[in-house]
Every structure is written in C-alpha cells, then in structure tokens.
Chemist: 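Following this message is one structure expressed as structure tokens.
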Amino acid sequence: VALEPKLSHTAAIILQAVHAGHVYGFSVMEMTGLPSGTVYPALRRLERDSLIRSHWESQSIAGAGQRPPRKYYKLTRSGKVTLEASHKRYPLLVRLIPAPEAENA
Amino acid sequence: MTIPRWLDSAPVHLAILRAAELLVPGSRRVDWFAEWRAELLYVKQSRTIFCLGAFWDALWLRRNSPSPNARRTFGLESPFRCVLFLAALALLSLFFAFRLPFARDMLLPSPYRDPANLVMISADGQFRAQIPTVSIAQYRSLANRMQSVFTGLAFYLPTQTRVQTAGFSVALASRNLFDLLQIPVTSHDAGRIVDPEQPSLAQVLQRRSRTGRPGDSSGRATDPGRRSDFSEFLAPPGPGRCVAAPGPATPHSTATRLQRIRARPSPRSLQLPTGHLRAQ
C-alpha cells in the first residue's frame, strides 16, 4: 500500500492554488498571500516530491508578449491524489481556493 | 516594512537576485535566475521584499541539492576524516601562531620563575616603545633611588654589530640581570665584564673576522663610559630594557605605570646563545 504524503497546511494551500490555475509562483503568492520566501521553496519541495511538475513557457509566446518566458507549474497524477487526501484533512481548502471545475459544478 | 526609495530600484533588485544566485548550486543557477527575473516583472509592489525571498529559495536549493563532487572533495562525513581535518587545521594554526611576531613568546611558558612580579621600565609616556628609552645614566639613578621600591633593578641593551657577512648582537647588561631574572647561568656563559683595558666583544668579533684566526684579539675598548658593573655577551637583537622586580613597598601609582614583562616578547631574547664567545 503506497503511503500518501501528508502535507502541511501551507503546502496544501499552495498545491490547491496550483490546482486552481495559479500556475506560476507570483500568482500563487497573490492568491495565498504567502511571501516569496515561502512560496518558491514550497514549490521546489512539491516538485521534488513529484506532486507538481514545471515547464518553461515557449520562447515564441513569451517573445510575442515582449517578456521573458515564465516557469509554469502543474499538478501530477500523484499530486492530485495527495490533494484529494488533503481535502479530507483540510476541508476548508476547497472553499478557500476553489478550483475551476468546482466552480463550474 | 518601509523600504528606502533608493533600495527599491531595478539595479538593487538585480543585485539582490545575483547575490542570492551565488547560493544556488551551479547546475541550477541559470534556470533559477531566469525564473526569478521573469517573476519580478509581474511584481508591482514591495519588489525588494519579493527579491529578498530569493535567499530562502536559494538556501533551500542548496540544502536539498547534494553535490556528489563536493562530497568527494571534502570527504568529511567520516568521523576519522573529520578528526584528521581538525588536527591538520590545529597544526596549521600552531604553525602560523609560531610564525607571527610575539605569538611564540606568548604561547610558550615563560623562562623566568616569577614573571608576574617582573616589570619593564620605560621612560614616561614611552610604555609601548620598541626602542631603548632608559639610558645607562638613568638606570643608575633609578637603581640608587628605587631601592625601597624594587628588590632589584637591572639593565639590558643589545647593540647590532656587523662583521663582514654575519650580523651579531652584542648585549650590554648589568651584572645582576641574571640574578634578577633567576636564570641559571654557568660561568662559561656569564659573559665578560666590561673592562676599559680590554677590547669590546664587537671589536673582538671584527678582528677575528678579519684575521680568520679564532682567539686572536687585541686592542682596547674605546668607550670610557663602561664600568665593571656591566658585562657584555652575544645575544639576539632586541630593544634595550630596564628590568625591575617590584617589592612590597612599591606604590600603586608606580606599579600601574610599569609594564608587565609577560606582555612583552623581548625577555626571551635575554637567553644567552649557546655559541657564546669565550673571553680572551
């Protein structure tokens, strides 16, 4: 039986924010109100634990917007499972940061 | 938190990110800096505080990105290697401590039996001088006047003598110097009494150097100021010193003006060299 990693409240909030479509660091900061010194290391930790994965925006899209490419984050399958488990532990998480599919439901 | 205006500028933000970048493991620096720089473009307020958060991120990466190369370089995971490394550091520190001026004398035990009660006497206001500040005449005057204050008073003055290729230092000292310092001195090492009828050691050295014949000496001392209460011997160079041992009646005001001998490195130079020149 695979053990699901238990997330801290902060990590769960950040994971929920990424799931809700706040896919880059500063967006997560704005959504959660957490400082940069908390959000970015947490993103690294979640990525190390394979709960999220990152990818760089393509140069053509960034070039069209006359800005440098951004790094986006996305939940992995494992991340989704862990997040669902976290919802049981932190029931207010979904209401705090509603995901698009939850809003549409 | 209020940030001064000059700190909230693009060059400062860039400098902060560059400084934090140094903490990031080399293989991840480019990506890391690119991400932070790109994110910074979207930050409208408190940009400096946002950038300061980069240090936490960089530190996390550093702590959680083990570098196999670094492990191989230091190899300090083993307790034995760690102890070995500390021992090497201690040896290196000792080496440098002994090479530093005065450190050797501070580390080694004093050659005198009672250094706590020995003091150097310097001219008023010259306590830290590294050159002689008390003349022989002053010493004699002090010796006469301060008998009630000190149990003894001695004088020591090395003078540099150049003999062709080699440099020697002939020290002139009062004859009670070794008694005062309680240094055991054999009669062989006791030096020679300064006698106006005999050449000075410097003259003997110079003559030997010229003739190449050891033991050949002649001539007369030309310094009429020398007296038989002084002796001279070969010694390492160092500043002249008037040394005294305070007695029970030493006034406090005087004692506070005297410099403790332990604080000065020169007493070790009072030791007689083993290659002492025999008196003719």
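What you see is a predicted model, and the numbers here were worked out from it, not measured in a lab. Protein chains get the first letters and strands the later ones, always in sequence-line order, with residue 1 at the start of each.
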Chemist: Among residues at least two apart in sequence or on other chains, which ones pass side chain to side chain donor-acceptor pair (under 3.5 Å) with A/E47?
Modeler: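 Listed in chain order: A/S54.
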Chemist: Output all residues satisfying ring pair (Phe, Tyr, Trp, His ring centres under 6.0 Å) with B/F33, sequence neighbours left out; order by chain, then residue number.
Modeler: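 For B/F33, no residue satisfies ring pair (Phe, Tyr, Trp, His ring centres under 6.0 Å) once neighbours in sequence are set aside.
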Chemist: Could you look at B/N64 and say if it's the side chain, the backbone, both or neither that has a heavy atom under 4.5 Å from chain A?
Modeler: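 Contact with chain A is through the side chain of B/N64 alone.
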Chemist: Of all the residues in residues 57-65 of chain A, which have a heavy atom that comes within less than 4.5 Å of a heavy atom in chain B?
Modeler: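 Expected list: none.
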Chemist: Looking at every heavy atom in both A/S36 and B/G53, which two are closest together, and how far apart are they?
Modeler: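 Where A/S36 meets B/G53 most closely, the heavy atoms are OG-CA, 3.3 Å.
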Chemist: Would you give the length of the straight line joining atom OH of B/Y42 to atom CD of A/E30, rounded to the nearest 0.5 angstrom?
Modeler: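 Atom-to-atom, B/Y42:OH and A/E30:CD are 11.5 Å apart.
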Chemist: Can you confirm whether B/E35 sits close enough to A/Y24 that some side-chain heavy atom of one is under 4.5 Å from a side-chain heavy atom of the other?
Modeler: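 Sidechains of A/Y24 and B/E35: no contact.
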Chemist: Answer yes or no: are there more than 12 heavy-atom neighbours, outside B/R37 itself, under 6.0 Å from its atom CZ?
Modeler: no
Chemist: Within residues 37-46 of chain A, which residues come under 4.5 Å of chain B, heavy atom to heavy atom?
Modeler: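 The stretch touches chain B at A/G37, A/Y40, A/P41, A/R44, A/R45.
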Chemist: Supply the atom-to-atom distance A/K71 NZ to B/D31 CG, rounded to the nearest 0.5 angstrom.
Modeler: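 Nearest 0.5 Å value for the NZ-CG distance: 5.5 Å.
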Chemist: Please flag which part of B/W60 lies under 4.5 Å from any non-hydrogen atom of chain A: side chain, backbone, both or neither.
Modeler: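 Only the side chain of B/W60 comes within 4.5 Å of chain A.
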Chemist: Within a radius of less than 6.0 Å around CH2 of B/W56, do more than 12 heavy atoms belonging to other residues, nucleotides or ligands occur?
Modeler: no
Chemist: Name the region of B/A34, side chain, backbone, both or neither, that has any atom closer than 4.5 Å to a heavy atom of chain A.
Modeler: both
Chemist: Atom CZ of residue position B/R47 - does it have more than 12 heavy atoms of other residues, nucleotides or ligands inside 6.0 Å?
Modeler: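 Yes, because the 6.0 Å sphere around CZ of B/R47 holds more than 12 heavy atoms from other groups.
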Chemist: Identify the two heavy atoms, one from B/A38 and one from A/P69, that lie closest to each other, and give their separation to 0.1 Å.
Modeler: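 Distance-wise, the nearest heavy atoms are CB-O, 3.3 Å.
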Chemist: Can you tell me which portion of B/L40 sits under 4.5 Å from chain A's heavy atoms? Options are side chain, backbone, both or neither.
Modeler: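 When you check distances to chain A, no heavy atom of B/L40 falls under 4.5 Å.
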